[in-house]
Amino acid sequence: MKNKVIGLLLLLHPFIFWSIFFKFNLEFSWFLKESYKFYDLLYSAVSFTAFSLGVWLLTSKARFYIILIFWIFFAFYQTAIWGFSNNRYLSKVELGSDVSLALIRYDFGAVSSNNFVKLEKFERRFLFFVVRKELRQFSDVKKGSVNLSEDSITVEITSYDNNKTVESIEFNGI
């Protein structure tokens, strides 16, 4: 019985973490780093190992083949589907050592023709986490940049029809 409970917790580990992150609007602190792929791959491998151990503890027959198939799908996903873009943001500016602003692209590809960009504030909390807060949202964004001036933040947006929009946000509004 003890192995079944541990196996179930290990099996549900990724879903539990995702639920907590979604509920409290958390993200890992490496979300805006240049080397985020390495950390994401490392975290994914550790989580998938926990998931595989949970499958191992819960299944009695053919467990080797089930886990082997899962690992083949995992390797395929990490190499072929995951995507190899350089960064997760269009533009980023540091407001301090613990606070950053970034334009994050949300594109749903073949699922939807709608794409948009959000200006989000990332504030470091705890050791490995940041809390994200949405400040503004822009639709049909081709290019975008965030610039820091003395008392405000300037967001420059170029849409797909090549119209430029410039918006200033004062620091006290953030």
Side-chain angles (χ1 to χ4, degrees), residues 12-48 50-51 74-174:
L12 294 176
H13 159 262
F15 305 107
I16 293 169
F17 266 66
W18 180 83
S19 299
I20 291 170
F21 278 31
F22 184 75
K23 171 75 175 148
F24 296 108
N25 224 6
L26 291 174
E27 188 66 55
F28 283 114
S29 62
W30 59 77
F31 185 80
L32 296 176
K33 304 255 187 238
E34 293 296 323
S35 59
Y36 78 91
K37 287 182 188 179
F38 171 74
Y39 296 114
D40 264 357
L41 183 60
L42 184 63
Y43 172 73
S44 295
V46 168
S47 291
F48 196 70
F51 178 83
F74 176 76
F76 177 75
Y77 173 76
Q78 292 295 331
T79 57
I81 296 175
W82 189 46
F84 292 98
S85 60
N86 291 334
N87 50 28
R88 294 184 173 177
Y89 54 87
L90 290 175
S91 181
K92 175 180 92 166
V93 65
E94 301 280 334
L95 296 180
S97 62
D98 292 341
V99 179
S100 299
L101 293 177
L103 283 173
I104 307 294
R105 181 181 298 274
Y106 291 90
D107 187 7
F108 299 109
V111 180
S112 170
S113 62
N114 189 13
N115 76 341
F116 55 93
V117 171
K118 290 182 181 180
L119 176 64
E120 294 182 346
K121 175 183 171 184
F122 293 87
E123 189 172 355
R124 183 177 291 275
R125 296 284 166 92
F126 313 114
L127 183 61
F128 293 113
F129 307 105
V130 291
V131 175
R132 66 184 346 178
K133 178 184 175 188
E134 179 183 337
L135 301 176
R136 300 274 196 281
Q137 182 173 325
F138 306 94
S139 296
D140 292 330
V141 176
K142 182 178 178 181
K143 291 186 226 173
S145 67
V146 178
N147 300 308
L148 186 61
S149 64
E150 291 178 19
D151 60 343
S152 65
I153 298 158
T154 306
V155 180
E156 296 178 19
I157 300 295
T158 304
S159 63
Y160 282 107
D161 57 0
N162 291 325
N163 289 333
K164 270 195 162 178
T165 306
V166 178
E167 187 174 327
S168 279
I169 304 168
E170 292 188 26
F171 280 128
N172 60 8
I174 297 174

Interatomic distance, E120 atom CD to S100 atom OG [nearest 0.5 angstrom]: 12.0 Å
Approximate separation, where rounding is to 0.5 Å, of F74 CZ and F48 CZ: 6.5 Å
Under the salt bridge (Lys or Arg N to Asp or Glu O under 4.0 Å) test, residues paired with K118 that sit two or more places apart: E134
Min side-chain heavy-atom separation L32-I104 under 4.5 Å: yes
Side-chain heavy atoms of F138 within contact of V155, under 4.5 Å: yes
N163 and I157, any side-chain heavy atoms less than 4.5 Å apart: no
Closest approach of S139 to F116 (non-hydrogen atoms, all atoms of both residues): CA-CB, 4.2 Å
K92 side chain reached by F122 side chain, heavy atoms, under 4.5 Å: no
Distance (rounded to the nearest 0.5 Å) between R105 CZ and L90 CG: 4.5 Å
For R124, all residues meeting side-chain contact (heavy atoms from CB on, under 4.5 Å), sequence neighbours excluded: S29, K33, D98, V130
N25 side chain to V131 backbone, donor-acceptor under 3.5 Å: no
Pair S152, E170: side-chain N/O donor-acceptor within cut-off below 3.5 Å: no
Atom OH of Y39 with >12 non-hydrogen neighbours under 6.0 angstrom: no
Test side-chain contact (heavy atoms from CB on, under 4.5 Å) applied to L101 and I153, step by step: CA-CA 9 Å; L101 293 177; I153 298 158; 2.9 Å; yes
Nearest non-hydrogen partners of E94 and L148, listed with the distance: O-CD2, 3.9 Å
Student check: side-chain heavy atoms of E156 and N147 closer than 4.5 Å: yes
Y43 atom OH, over 12 foreign heavy atoms within 6.0 Å: yes
Counterpart residues, salt bridge (Lys or Arg N to Asp or Glu O under 4.0 Å), relative to E167 (two or more places apart): R136
F21 ring center near F129 ring center (under 6.0 Å): yes
Gap between atom CG of L12 and atom CZ of F51 - 0.5 Å precision: 9.0 Å
Distance (rounded to the nearest 0.5 Å) between L135 CG and Q137 CD: 12.0 Å
Side chains of S47 and S44, donor plus acceptor under 3.5 Å: no
Distance under 6.0 Å and angle within 45° of ring axis: R125 vs F24: no
Greater than 12 external heavy atoms within 6.0 Å of K143's NZ: no
L103 to G144 - nearest heavy-atom pair and separation: CD1-C, 3.6 Å
Heavy-atom check, side chain of R132 versus side chain of L26, under 4.5 Å: no
